[in-house]
There are 2 protein chains.
Amino acid sequence: MSQFSEHIRSLREKRKIRQREVAACLKADTAFISKLEKGERQARREQVLLLAELFNVDKEELLSLWLGEKVYDVLKNESAKGGVAKQALKVAENKIDYNNKKKTK
Amino acid sequence: MSQFSEHIRSLREKRKIRQREVAACLKADTAFISKLEKGERQARREQVLLLAELFNVDKEELLSLWLGEKVYDVLKNESAKGGVAKQALKVAENKIDYNNKKKTK
DNA sequence: TGTTGTCTTGTCAAACTATGACAAAAATAC
DNA sequence: GTATTTTTGTCATAGTTTGACAAGACAACA
């Protein structure tokens, strides 16, 4: 149901790892991993980094996917009708750009 | 500090309304409004709509600004280094587009 | 069929976060 | 000075999320 969760699952399956091993890596139980992989629980930042290490994938890429889901979560109620959600994305983008400009200055 | 909060304040000042009147409209006290206008509290969706009515501005526009802040909140910790935040925006945008496409289908 | 290992689901307390109320201080106006 | 508006600090309450546990489902296979 969520890109992030599906991605995690697919990474695990490609590497033929059991949920119990992922659980050990995150110091959680398999029930939690199962829910992560079905999008019923959200990972926390720290866990995303551990997963990236475990699966040996780029941390920033995994973080982007994870964050993207969180962003979508904020918008999903509005995303139905029209431009509100997309406008909101623009607002956020402008703030990011503005902040980065300030810093390089 | 936040676009939304500054906007609210400026709307109120343009119309020469007191915080007490805004508070009445939202059924809150002035302390709360003060914090809203300084970005120390986040409005809830319902309150945004009330504000749009009170100030007689477009609801969708105000919602976009408000949502944009919420989105930025999710990203602000990452927005420092590099592309993670902007990538996350793209991920979210794709999900929105994908969902809209599904619906019109 | 029974056993073993893996994954899933339901439930819940504890941890965490946010809201909005109140009181008291600060600022502004008169 | 007083009166009014705005700000700040503190806090109980409500609301949400996490992760632990127990029990169930499913698959492989002897």
Side-chain angles (χ1 to χ4, degrees), chain A residues 1-2 4-52 54-55 62-63 65-78 88, chain B residues 1-51 54-55 62-63 65-78 88:
Chain A
M1 265 294 134
S2 99
F4 179 77
S5 58
E6 281 168 19
H7 189 55
I8 291 297
R9 165 155 300 182
S10 117
L11 283 172
R12 179 176 67 79
E13 288 175 346
K14 271 206 202 85
R15 285 161 181 65
K16 308 220 195 293
I17 298 177
R18 309 279 159 216
Q19 283 186 351
R20 57 197 322 283
E21 299 177 65
V22 181
C25 167
L26 301 195
K27 297 193 175 85
D29 68 355
T30 62
F32 182 68
I33 305 303
S34 168
K35 285 168 186 168
L36 268 194
E37 290 186 352
K38 313 191 106 225
E40 288 162 25
R41 287 286 187 286
Q42 263 201 353
R44 280 169 308 137
R45 191 176 195 285
E46 190 206 319
Q47 297 173 322
V48 177
L49 296 177
L50 287 172
L51 290 171
L54 176 63
F55 294 135
L62 203 57
L63 278 175
L65 207 52
W66 168 74
L67 262 189
E69 297 282 343
K70 283 165 84 89
V71 167
Y72 181 73
D73 257 28
V74 171
L75 300 174
K76 62 172 178 247
N77 302 311
E78 306 287 341
Chain B
M1 267 293 134
S2 99
Q3 278 192 52
F4 178 78
S5 58
E6 281 167 20
H7 189 55
I8 292 297
R9 163 153 302 179
S10 116
L11 284 172
R12 179 176 64 82
E13 288 176 345
K14 271 206 201 83
R15 285 158 180 70
K16 306 221 195 295
I17 298 178
R18 308 280 159 213
Q19 285 186 353
R20 60 199 318 284
E21 298 177 65
V22 181
C25 168
L26 301 196
K27 297 192 174 87
D29 68 356
T30 61
F32 182 68
I33 305 303
S34 168
K35 284 168 188 169
L36 268 194
E37 291 186 351
K38 313 191 107 225
E40 288 163 24
R41 285 287 187 284
Q42 265 200 349
R44 279 170 309 141
R45 190 174 195 287
E46 190 206 320
Q47 297 174 320
V48 176
L49 296 176
L50 288 171
L51 289 171
L54 177 63
F55 294 135
L62 204 55
L63 277 177
L65 207 52
W66 168 74
L67 262 190
E69 297 283 341
K70 282 166 84 87
V71 167
Y72 181 73
D73 256 28
V74 172
L75 301 174
K76 63 173 177 244
N77 303 312
E78 307 286 341

Working for salt bridge (Lys or Arg N to Asp or Glu O under 4.0 Å), residues A/Glu78 and B/Arg45: CA-CA 10 Å; A/Glu78 306 287 341; B/Arg45 190 174 195 287; 2.4 Å; yes
Candidate pair A/Lys70 and A/Asp73, rule salt bridge (Lys or Arg N to Asp or Glu O under 4.0 Å), full reasoning: CA-CA 5 Å; A/Lys70 283 165 84 89; A/Asp73 257 28; over 6 Å; no
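Between the CD atom of A/Glu21 and the C1' atom of C/dT6 there is a distance of 12 Å, rounded to whole Å. Between the NZ atom of A/Lys27 and the C1' atom of D/dA20 there is a distance of 16 Å, given to the nearest Å. B/Leu36 has its CG atom 12 Å from the P atom of C/dA21, to the nearest Å. Counting to the nearest Å, the P atom of C/dT17 and the CD atom of B/Glu40 are 18 Å from each other. What separates CZ of B/Arg41 from C1' of D/dT7 is a distance of 12 Å, to the nearest Å. Taking atom CD1 of A/Ile17 as the reference point, atom P of C/dC7 lies 11 Å away to the nearest angstrom. Spacing between atom CD of A/Glu13 and atom C1' of C/dC7 amounts to 11 Å, rounded to whole angstrom units. A straight line from CZ of B/Arg18 to P of C/dT28 spans 13 Å, rounded to a whole angstrom.
Environment of CZ in B/Arg15: crowded, with over 12 heavy atoms of neighbouring residues, nucleotides or ligands closer than 6.0 Å.
Taking only side-chain nitrogens and oxygens, B/Arg20 never comes nearer than 4.0 Å to OP1 or OP2 of D/dT7. Regarding contacts with the backbone of D/dT16, every side-chain N or O of A/Gln42 stays at 4.0 angstrom or more from both OP1 and OP2. Taking 4.0 angstrom as the limit, A/Gln19 places a side-chain polar atom (N or O) nearer than this to OP1 or OP2 of C/dT8. Of the side-chain N and O atoms in B/Lys38, one or more sit less than 4.0 angstrom from OP1 or OP2 of D/dT8. Residue A/Ser34 has no polar side-chain atom (N or O) positioned under 4.0 Å from OP1 or OP2 of C/dC7. Phosphate proximity of C/dC7 to A/Arg12: present, with a side-chain N or O under 4.0 Å from OP1 or OP2.
The closest side-chain donor-acceptor pair between B/Glu37 and B/Gln19 falls under 3.5 angstrom.
Nearest to the side-chain atoms of B/Ala28 among the listed nucleotides C/dC7, C/dA21, D/dT6 stands C/dA21. The side chain of A/Ala31 lies closest to C/dG10 when the candidates are D/dT8, D/dT7, C/dG10.
Each of B/Lys35 and A/Asp29 was assigned the nucleotide of DNA chain D with the nearest heavy atom; the assignment lying further toward the 5' end belongs to B/Lys35.
Here B/Gln47 lies in heavy-atom contact (under 4.0 Å) with sugar-phosphate atoms only.
Under a 3.5 Å cut-off, the side chain of A/Trp66 and the backbone N or O of A/Phe4 do not form any donor-acceptor pair.
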